[in-house]
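See below for the structure under consideration.
The basis for the numbers below is simple: all heavy atoms, side chains too, and nothing from hydrogens, waters or symmetry mates. Throughout, a chain's letter reflects where its sequence line sits, starting with A, and its residues are numbered from 1.
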There are 2 protein chains.
Amino acid sequence: MKKYSREEARKIINELLVEIFNRILAIEGQNLKDKGIKLSMSEVHVLEAIELTEEPTMSNIAKRLGITIGSLTTAINTLYQKGYVLRERDPEDRRKVVVGLLPKAEDVLKEHDSFHEEMIDSIFEEMELEKDELLIESLDKLSSYFKK
Amino acid sequence: MKKYSREEARKIINELLVEIFNRILAIEGQNLKDKGIKLSMSEVHVLEAIELTEEPTMSNIAKRLGITIGSLTTAINTLYQKGYVLRERDPEDRRKVVVGLLPKAEDVLKEHDSFHEEMIDSIFEEMELEKDELLIESLDKLSSYFKK
DNA sequence: TCAAATAGTTTGAACTTCAAATTATATTTT
DNA sequence: AAAATATAATTTGAAGTTCAAACTATTTGA
């Protein structure tokens, strides 16, 4: 197996961060366009965060996304305008606003998910990653590391 | 070893894409702030691209960054104002503009590089990634895959 | 009760990016 | 060589994302 120096490791991770990550986002964005979905990737990320957040209040969603609540408010405003989400005050605590996904949003997420699924399949096939289990395990660790 | 389903693999990669990379970018941005460097991450990426591009003309740099030449022009305008880069017409082909890094920019890149180095070291140490060679190999393949 | 804490929204500003129009230079065609 | 075309970059106007700070509404705690 090829031996990687720390220097090369740094270079590869740097590449992933500044080039590959942006490229994947661009590909995903193009896919949305092709499918006639008029949403930016940030908007899709907001929808994903709503779906994945246990109690989807403004604060909780913003925290998950790593943006301020104010930023999220403007994002939700446009998603509401476009008919992707609904928002209502929590009757238990009327300071809170609970955000929900409308069917239109579920469709987009399903579409986006299956695109992701295909992308990952094609990565594993074309990369001839025999050790893909180990890759996923490593990525999982990487992911956990940064979540702490 | 834990067995990962394709579903879990997708979830982990998705997490990396939408959460972890943004978090790393935020951490790097914070580091710049802490060091008193008044540049955004996008500006640092432009500097990196200039450094890494063989013939650093506007077109070549923009291509590497995956942005339009117009966008790069505005980015270079402010970097020039701030004293990080110089720009001059190519005497061979006066349509071209060649961009160069000033010492101030080299310093920032050095700073940023060493931060990266430390981050990677700490990842490998704290994650107890015995199989880090394989992780890097896999990331390398991943990176190559998306560069095609 | 009333002060402090919490949850969201609004506003104004900065930054990033793009598309389209424009300028300048180089290359190709006639 | 002149005209047309292609290439390289800049400018302009608009849209999207984000933040910080000021503000409103509601709840909690002393």
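Following rounding to the nearest Å, B/His45 (NE2) and C/dC15 (C1') show an atom-to-atom distance of 15 Å. Rounded to whole Å, atom P of D/dT27 lies 7 Å from atom CZ of A/Arg94. Distance, A/Asp90 CG to C/dG8 C1': 13 Å, rounded to whole Å. Per the geometry, CG belonging to A/Asn22 stands 12 Å off C1' belonging to C/dT16, to the nearest Å.
For the residue pair A/Asp34/A/Gln30, the side-chain donor-acceptor check at 3.5 Å is satisfied.
Scanning residues 51-80 of chain A for heavy-atom distances under 4.0 Å to DNA chain D yields A/Gly66, A/Ile67, A/Thr68, A/Ser71, A/Thr74. A heavy-atom distance below 4.0 Å to DNA chain D is reached by these residues of residues 25-44 of chain A, ordered by number: A/Ser40, A/Ser42.
With sequence neighbours excluded, no residue forms a salt bridge (Lys or Arg N to Asp or Glu O under 4.0 Å) with B/Arg89. Not counting sequence neighbours, the partners of B/Lys82 by the side chain to side chain contact (heavy atoms under 4.5 Å, CB included) test are B/Leu39, B/Glu43, B/Tyr84. In terms of the side chain to side chain contact (heavy atoms under 4.5 Å, CB included) criterion, A/Asn22 has no residue partners (sequence neighbours excluded). Remark: B/Glu55 engages B/Thr57, B/Asn60, B/Asp90, B/Lys96 in a side chain to side chain contact (heavy atoms under 4.5 Å, CB included) (not counting sequence neighbours). With sequence neighbours excluded, no residue satisfies salt bridge (Lys or Arg N to Asp or Glu O under 4.0 Å) with B/Arg94. Applying the side chain to side chain contact (heavy atoms under 4.5 Å, CB included) test to A/Lys35 and every residue at least two apart in sequence or in another chain returns A/Asn31, A/Ile37, A/Glu111. Evaluation of the salt bridge (Lys or Arg N to Asp or Glu O under 4.0 Å) rule for A/Glu117 yields B/Arg10 as partners, not counting sequence neighbours.
Between B/Arg89 and D/dA9, a side-chain N or O to OP1/OP2 separation shorter than 4.0 Å is absent.
Here CZ of A/Arg87 is found 9.5 Å from CG of A/Leu79. Values are rounded to the nearest 0.5 Å.
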Atom pairs under 3.5 Å, N or O on each side, protein against nucleotides 2-6 of chain C: can you list them with distances?
residue, atom, partner, partner atom, Å
C/dT6, O4', A/Arg95, NH1, 3.4
C/dT6, O2, A/Arg95, NH1, 3.2

Could you give the side-chain donor-acceptor pairs of residues 65-75 of chain A under 3.5 Å, partners two or more places apart or in another chain?
residue, atom, partner, partner atom, Å
A/Thr68, OG1, A/Ser71, N, 3.2
A/Thr68, OG1, A/Ser71, OG, 2.8
A/Thr73, OG1, A/Ile69, O, 3.1
A/Thr74, OG1, A/Ser71, O, 2.7

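Sorted by first and then second residue, the salt bridge (Lys or Arg N to Asp or Glu O under 4.0 Å) pairs involving residues 56-77 of chain A (not counting sequence neighbours) are A/Arg64-B/Glu19.
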